[in-house]
Amino acid sequence: ADLFMWEKFTTKPLVDSGEWSRVAEVPTPWPCFAVVCTPEVARSRRDEVSEVLGSVYEKASRISSADIDAIAADYHLKSDDVAEWLAG
C-alpha cells in the first residue's frame with residue numbers, strides 16, 4: 001500500500017527514524033485497540049471471552065505513570081511519547 005492509517009504512537013519509532021513520513025493525523029471516533037472474535041466463538045465460548053476481556057480491562061485500568069519507562073522499553077518508544085499516549 002502507498003498509504004495506510006495506523007495508531008500514532010506505535011508507528012512513531014518508524015517516523016522518528018525517517019523510514020516513514022506522517023502526512024496527517026485524523027482523530028477517530030473509535031478506540032485505538034479492539035478485541036474481536038467470530039460470532040461462533042462469542043456464542044460457544046462466551047465465558048472464556050468474558051474472562052479474557054475482564055483480565056484486559058483490569059490490567060489496563062492499573063497502567064499508570066509508574067509504567068512509562070517499562071512500556072517505552074518494551075515497545076521501543078520514547079518515555080515522553082508514552083506519557084503523551086497515556087494522557088490521551
Can you name the residues that form a side-chain hydrogen bond (donor to acceptor under 3.5 Å, both in side chains) with E51, not counting sequence neighbours? none
Nearest 0.5 Å please: distance from the CZ atom of R43 over to the OG1 atom of T38. 7.5 Å
Is V35 linked to V41 within one hydrophobic cluster, defined over Ile, Leu, Val, Met, Phe, Trp and Tyr using a side-chain heavy-atom separation of less than 4.5 Å? yes
Where the side chain of [X] meets the backbone of [Y], is there a donor-acceptor pair that is under 3.5 Å apart?
X   : Y   : result
T10 : W6  : no
S21 : V23 : no
S61 : E58 : yes

For R22, does the CZ atom sit with more than 12 other heavy atoms under 6.0 Å from it, leaving out its own atoms? yes
Just list the side-chain donor-acceptor pairs under 3.5 Å for residues 70-83, sequence neighbours left out, or say none.
unit_1 : atom_1 : unit_2 : atom_2 : d
S79    : OG     : D69    : OD1    : 2.8
D81    : OD2    : K12    : NZ     : 3.2

So F9 and E84, do their side chains get closer than 4.5 Å, heavy atoms only? yes
Carefully, step by step, assess L86 and I68 under the rule side chain to side chain contact (heavy atoms under 4.5 Å, CB included). CA-CA 8 Å; L86 293 180; I68 288 173; 3.9 Å; yes
